[in-house]
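Notes follow the structure.
Just the heavy atoms: all of them, side chains too, but no hydrogens, waters or symmetry mates, feed the values below. We count ligands from 1, going down the list as the structure has it; atoms in each ligand are counted the same way.
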Amino acid sequence: MSGVEPYTDSRQVTARNVDLTNCDRELVQYPAAVQSHGAMLVVDEPNYTILQASENCQHLIGQAAKDLLGKTIADVFGTSAPKMVERLHRMSLENGPVHVVRESFAGSTSGVNIFAHRCDGVLILELEVISDSNDAASAQAYSDVRETIAKLEKTRSVQEFLDLAVERIRTFTGYDRVMAYKFAEDGSGHVVSEAKEQDLEPYLGLHYPATDIPAPARRLFELSWLRHLPDVDYVPVPLVPESHPLTNSPIDMSFAILRSVSVMYTAYLRNMGVRSTMVMPLMKSGRLWGLISAMHHSGPRHVPFEVRMAAEFLAHMISLQMAGKEDAEFYETRIRMAEISEQLIEGFRREHDLHEAMTSAGRKPNLLTLLPAQGAAVVSRGAVSLTGATPPKDEVLKLAEWIVKSGNPVFETDRLSESYSPACAYKSVASGVMAVRLSAHTDEMLMWFRPEHIEIVSWAGDPKKPVDVSEADGMLRLQPRTSFALWKQSVTGRCDPWRQDEREAAANLRQGVMSVIASRAEEIERMNRQLAEANVELDSFAYVASHDLKEPLRGVHHLVSFLKRGQESKLNEEGRKQLDNILKLTRRMDDLIESLLQYSRTGRVELALETTDLEAVVEDALAAATRLISHTGAEIRRPRPLGHEVCDAVRIREVFSNLISNALKYNDKPNRFVEIGMEVGAQKRYYVRDNGIGIEEAAKDQIFEIFHRMHGQNEFGGGVGAGLTIARRTVERHGGKLWLESTVGQGSTFYFTLGPEAPT
Ligand code: ADP
């Protein structure tokens with residue numbers, strides 16, 4: 001109980017010693033007394049011997065309680081007893097009081113309704129006085145209920161439904177005020193609907209602290225459908241004897257109609273100016289959802305049994321229909337959210353870009369259509385897209401990092417600044433956040449933001465002071481508070497809480513997006529496989545084609561050479577020139593085919609990997625270029641030994657050969673040099689540097705395309721334009737890279753590595 005020290009006494013708390021420090025543990029079901037508008041007989045079965053009787057039996061039955069003990073019900077009900085017993089045998093008495101019969105006793109003007117139920121191993125008979133004036137109302141009750149149920153069915157929302165329910169209950173019970181009261185998760189509750197006498201002060205919207213309905217009272221609400229207290233000022237009538245004579249303890253009156261209520265309850269009601277009440281629980285899925293509470297301020301009010309039955313029946317129907325209405329509203333929203341989620345996922349499937357698909361402002365739907373929020377964001381690997389009212393990008397990124405650390409796939413809060421202080425700065429746009437992560441390790445996530453909702457809670461009295469201290473019997477006693485004056489409290493830094501269906505919608509979207517990402521990764525993988533297969537096929541095609549082309553080409557070459565030799569004297573100058581041209585073209589074609597053959601071989605042939613002395617490899621390459629070196633007069637520089645590397649020695653020699661011969665060829669300086677070296681960083685890289693003509697920025701990619709030359713056929717010693725293509729492919733097959741740095745007119749450096757980059 002808030003504001004009050006917890007009760008530590010282990011003694012039983014009953015009507016005799018209850019106060020606000022211990023009323024949470026009061027054994028309200030064992031009052032050992034009844035309300036004064038009826039009498040109780042506790043009967044032993046199967047002999048129907050009376051064990052206990054309420055002290056007012058004299059008045060109602062005409063026999064004193066103590067005289068009734070040990071007698072049987074035949075002694076009390078005379079000729080009606082056999083009929084009663086026969087009914088008691090037929091009825092199911094385990095689920096609370098049932099009406100058995102209407103009786104009147106000699107000497108008493110008014111009749112009584114007799115109710116029976118079994119509890120705690122005894123039969124409890126309750127005799128309730130019938131007030132004649134209410135007979136008319138009773139007759140009306142059934143048709144009222146029928147009409148009400150039909151009307152309730154037609155309402156379109158839960159609110160409309162409750163408004164109508166309280167209105168109708170007020171009409172047919174005649175209470176001054178009827179309210180529907182809904183419990184929150186913390187046990188507090190608030191008035192969601194009210195019908196009242198015009199001049200009464202409204203309670204609609206008021207909140208009541210959890211302490212106003214202590215746990216034992218809640219438990220009893222869950223057990224029975226209607227609790228009626230006709231007169232708050234009744235004087236409790238004790239049972240004689242107070243305890244069951246055999247068990248020596250008070251009997252359990254959890255279900256009894258006449259059970260005397262807690263003094264704390266009557267004190268509380270009196271403080272509110274209430275003279276009579278009737279309370280019906282509203283249940284949903286077996287749990288207490290709220291209450292329908294009828295209050296009479298203008299005096300005591302005894303609602304006749306028939307009307308109560310009708311009201312009880314109505315409460316059942318209201319509970320059932322309301323649960324259905326609430327669920328229908330809930331399902332409608334869920335279906336709508338599922339549709340939007342599907343559209344978003346479909347959009348992403350088409351769009352490919354997550355940011356565009358989720359936050360696009362022009363097109364509907366986007367993340368904000370899915371959930372009620374004012375802002376949303378997509379974060380992926382440091383990139384942020386925003387829509388609506390959100391914190392700035394850098395703050396969203398920092399928040400995303402913090403959420404990643406939380407480790408949950410779905411993160412949500414309606415009070416962000418309480419756990420993440422930087423959010424204080426932007427609580428007006430993001431007091432609440434919902435985030436779903438799309439990857440276990442990175443910051444990829446979808447986020448929604450809700451602004452601060454400064455809620456003014458109107459309490460019925462100060463919720464922190466549920467007690468008053470008063471002096472009674474010379475002792476300080478705690479009493480329920482006497483003031484119910486409106487008490488306002490504002491709650492800041494919070495937003496409307498995220499609902500379960502919203503949480504589920506976000507989680508569903510997450511699943512959908514993740515499965516699109518996964519299927520896309522599979523697709524890429526499949527395409528890569530296909531591409532690799534196609535490459536192999538292409539390579540073998542190129543290999544076969546070039547191999548087969550060589551044969552006829554050789555034939556053409558031989559025939560033309562033969563023709564030239566045999567017919568030289570008969571040909572004129574023009575004829576001879578043309579034959580020479582044909583020979584040149586066949587040689588060139590042979591070169592091209594040879595390069596193609598080499599290129600396709602590079603892709604197909606298994607690499608013969610072994611630890612290789614690269615110094616020796618470079619020596620070989622230089623030996624092959626001896627003529628070109630001496631012809632160009634170039635200086636060969638080798639600043640440091642290249643060491644060893646696991647590679648295919650023959651292929652890497654070809655790479656060096658190509659780079660060295662290019663470095664020698666594409667140089668117009670009088671003093672040429674070629675430098676072959678190695679740099680050690682995160683990874684070893686080898687290079688061939690020259691001070692030649694250099695390569696324009698725009699041509700840096702083109703020179704790696706097959707048969708692509710930057711120069712005329714006869715310039716700089718010629719070539720077919722396949723050398724660099726083959727070199728790059730060889731290096732890539734080793735898992736490395738080949739690239740260049742160059743300045744036009746100053747020279748170029750070609751770098752290559754021979755293995756994959758080390759992870760950073
Ligand atoms: P090729 O040398 O047979 O023409 P490559 O594939 O080896 O074919 O080179 C392609 C083109 O790249 C060359 O035609 C040349 O224009 C350019 N190139 C290659 N190496 C150099 C270099 N070291 N300096 C300037 N240009 C170069």
Side-chain angles (χ1 to χ4, degrees), residues 539 542 546 584-603 617-618 620-622 624-629 631-639 650-679 685-734 736-752:
D539 276 346
S546 39
K584 230 158 89 188
L585 282 173
T586 53
R587 267 195 299 272
R588 176 145 183 83
M589 196 154 171
D590 191 55
D591 283 350
L592 284 171
I593 291 175
E594 182 58 36
S595 310
L596 199 60
L597 207 57
Q598 253 189 51
Y599 177 75
S600 56
R601 206 181 284 136
T602 320
V617 167
V618 171
D620 278 0
L622 285 172
T626 319
R627 265 191 35 205
L628 198 54
I629 297 170
H631 177 71
T632 54
E635 178 197 351
I636 304 297
R637 298 178 183 173
R638 296 173 67 186
V650 177
R651 314 255 153 242
I652 296 305
R653 196 199 60 219
E654 281 167 11
V655 173
F656 272 116
S657 268
N658 179 266
L659 296 178
I660 291 168
S661 76
N662 279 351
L664 291 166
K665 280 194 303 186
Y666 300 106
N667 199 328
D668 53 2
K669 306 279 173 353
N671 298 318
R672 306 179 186 189
F673 75 80
V674 176
E675 183 176 318
I676 304 145
M678 188 250 300
E679 287 172 6
R685 55 185 192 180
Y686 306 96
Y687 66 86
V688 176
R689 181 168 295 146
D690 63 52
N691 60 340
I693 58 171
I695 297 163
E696 277 177 33
E697 193 60 36
K700 276 185 179 167
D701 284 331
Q702 292 169 8
I703 57 169
F704 290 102
E705 288 167 15
I706 195 156
F707 304 141
H708 199 107
R709 302 204 69 228
M710 303 306 297
H711 303 96
Q713 244 176 58
N714 300 318
E715 283 178 87
F716 298 104
V720 294
L724 283 178
T725 321
I726 295 171
R728 179 174 260 186
R729 200 172 200 196
T730 306
V731 164
E732 283 175 354
R733 285 213 58 198
H734 280 80
K737 275 189 197 157
L738 194 157
W739 72 101
L740 74 141
E741 284 169 13
S742 181
T743 311
V744 174
Q746 290 184 22
S748 314
T749 306
F750 283 80
Y751 293 95
F752 68 91

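- A salt bridge is defined here as a Lys NZ or Arg NE, NH1 or NH2 lying under 4.0 Å from an Asp or Glu carboxylate O, and Glu697 with Lys700 meets this definition.
- Under a 4.0 Å criterion applied to the non-hydrogen atoms of Ser748, ligand 1 contributes the atoms 24 (N).
- Near Lys665, the atoms of ligand 1 lying under 4.0 angstrom from a non-hydrogen atom of the residue are 2 (O).
- For the side chain to side chain contact (heavy atoms under 4.5 Å, CB included) criterion with Leu740, the lone passing option out of Ile703, Thr749, Leu724 is Ile703.
- Distances shorter than 4.0 angstrom do not occur between any heavy atom of Ser661 and any atom of ligand 1.
- Scanning both residues, Arg653 and Asp620, for their nearest heavy atoms gives CD-CB, 3.3 Å.
- The shell of residues lying under 4.0 angstrom from ligand 1, judged by heavy atoms, includes Phe750.
- Only side-chain heavy atoms of Asn658 come within less than 4.0 Å of ligand 1; its backbone N, CA, C and O stay farther off.
- Distances below 4.0 Å separate heavy atoms of Ile695 from the following atoms of ligand 1: 21 (C), 25 (C), 26 (N), 27 (C).
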Show the numbers, then the answer: is there a salt bridge (Lys or Arg N to Asp or Glu O under 4.0 Å) between Arg651 and Glu654?
-> CA-CA 5 Å; Arg651 314 255 153 242; Glu654 281 167 11; 3.7 Å; yes
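- Look at Gly721 and you'll find a heavy atom under 4.0 Å from some atom of ligand 1.
- Residue Ile703 holds the heavy atom nearest to atom 17 (C) of ligand 1 of all those in Thr749, Ile703, Asp591.
- Legend: residues meeting ring pair (Phe, Tyr, Trp, His ring centres under 6.0 Å) with Phe656, ordered by chain and number and at least two apart, are Phe752.
- Every atom of ligand 1 with a heavy atom of Ile693 under 4.0 Å away is listed here by number and element: 25 (C).
- For ligand 1, one of its N or O atoms has an N or O atom of Leu724 under 3.5 Å away.
- When each atom of ligand 1 is checked for a heavy atom of Asp690 under 4.0 Å away, the hits are 22 (C), 23 (N).
- Between Glu705 and Thr725, the closest side-chain pair of non-hydrogen atoms is not below 4.5 Å.
- Distances between N or O atoms of Thr725 and those of ligand 1 include no value under 3.5 Å.
- The proximity of Leu659 to ligand 1, defined as any non-hydrogen pair under 4.0 Å, does not occur for either the backbone or the side chain.
- Closest non-hydrogen pair, Arg728 versus Leu738, comes out as NH2-O, 3.0 Å.
- The side-chain heavy atoms of Arg587 and Asp590, taken from C-beta on, include no pair separated by under 4.5 Å.
- Tyr687 pairs in a side-chain hydrogen bond (donor to acceptor under 3.5 Å, both in side chains) with only one of the listed residues (Glu741, Glu679, Glu675), which is Glu675.
- If you number the atoms of ligand 1 from 1 as listed, the ones under 4.0 Å from a heavy atom of Gly694 come out as 25 (C).
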